[in-house]
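Any value given below was found using the heavy atoms of this structure, including those in side chains, with hydrogens, waters and symmetry copies removed. Small disclaimer: the values here were computed from a predicted structure and weren't measured. Numbers here are sequence positions counted from 1. Counting starts at 1 for both ligands and their atoms, following the listed order.
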Amino acid sequence: MIFGSVKMAMADQTNVKLLGMWASPFVRRVQWALSLKGVISYDYVEEDILNKSSLLLELNPVHQKVPVLIHDGKVICESLVILEYMDETWKGIPLLPHDPHGRAMARFWARFSDEKLEPNAWTAMCSEGEEKEGALKRAIEAASKIEEQLIKGRRFFGGDDIGYLDVAMGWVACWLPVWEEVGAMSIVDPARHPRITSWAGDFLSHPLIRTNLPPKDEMVDYFHGKRKRIMAH
Ligand SMILES: N[C@@H](CCC(=O)N[C@@H](CS)C(=O)NCC(=O)O)C(=O)O
């Protein structure tokens, strides 16, 4: 019985492959979730998103983006969809809250962050003048709405334990400060957003997150390069 379940767990893990890119916030959230689920020995394939592999084009023909998760031959695309698949597939640390309303809220705010904060922060980093000002304003407004979702005294979005929304929003703790530096701008500000600031500190010091972060200097260089190329067009 024990041997049987050990064998199952190992087979489970060896059948996991992730197509990713080191500087992608969407890929990293899947890697964080894999770690929270205890899936540590998976096959990671680094993609060159400027010269996509035929495997990526074949597995994600619709969006042609990373991350792509392959589990037991099944292909799952879109990082938030992948997180839900993982939550339903592996035990480990539960990601979504137990109750339906809590789950609905977590999904709502994850999408809000991806649709309102992330694209506006990105545009603000890669633009100038009125375009930058407008995007910056919208990004700050979105951050302020997220700030209201963090209840004082709780370490994470769902309470005292890390979960789906923390992982989905983790890029705010790790990528956003880099984008702010590269774009010479401030979006999440400790005075304006004390709860996000405190949450970011807790998130980054979680044992399964702090050991799973991209190198900051390389991120700064990478996004400086990206910004330069985008703004040259
Ligand atoms: N909504 C997607 C976004 C994924 C995404 O934008 N991935 C980028 C890397 S950060 C990518 O693969 N870009 C390639 C391209 O746009 O052609 C998700 O959550 O998975």
Hydrogens and angles aside, do Asp166 and Trp199 bring a side-chain donor and acceptor to less than 3.5 Å of each other? yes

Determine the interplanar angle of the Trp109 and Phe112 rings, folded into 0 to 90°, and report it as parallel if under 30°, tilted if 30 to 60°, perpendicular if over 60°. perpendicular

Do Ser205 and Arg210 pair up side chain to side chain, a donor and an acceptor below 3.5 Å, judged on atom types alone? no

With a 3.5 Å distance limit and no angle check, can you tell me whether Lys17 reaches the backbone of Ile70 through a side-chain donor-acceptor pair? no

Without hydrogens or angle criteria, can the side chains of His71 and Thr89 be said to hold a donor-acceptor pair below 3.5 Å? no

Pocket residues around ligand 1 (non-hydrogen, under 4.0 Å) come out as Ser24, Phe26, Ile49, Lys52, Lys65, Val66, Pro67, Glu78, Ser79

Exam field: side chain Ser198 to backbone Pro194, donor-acceptor pair closer than 3.5 Å: no

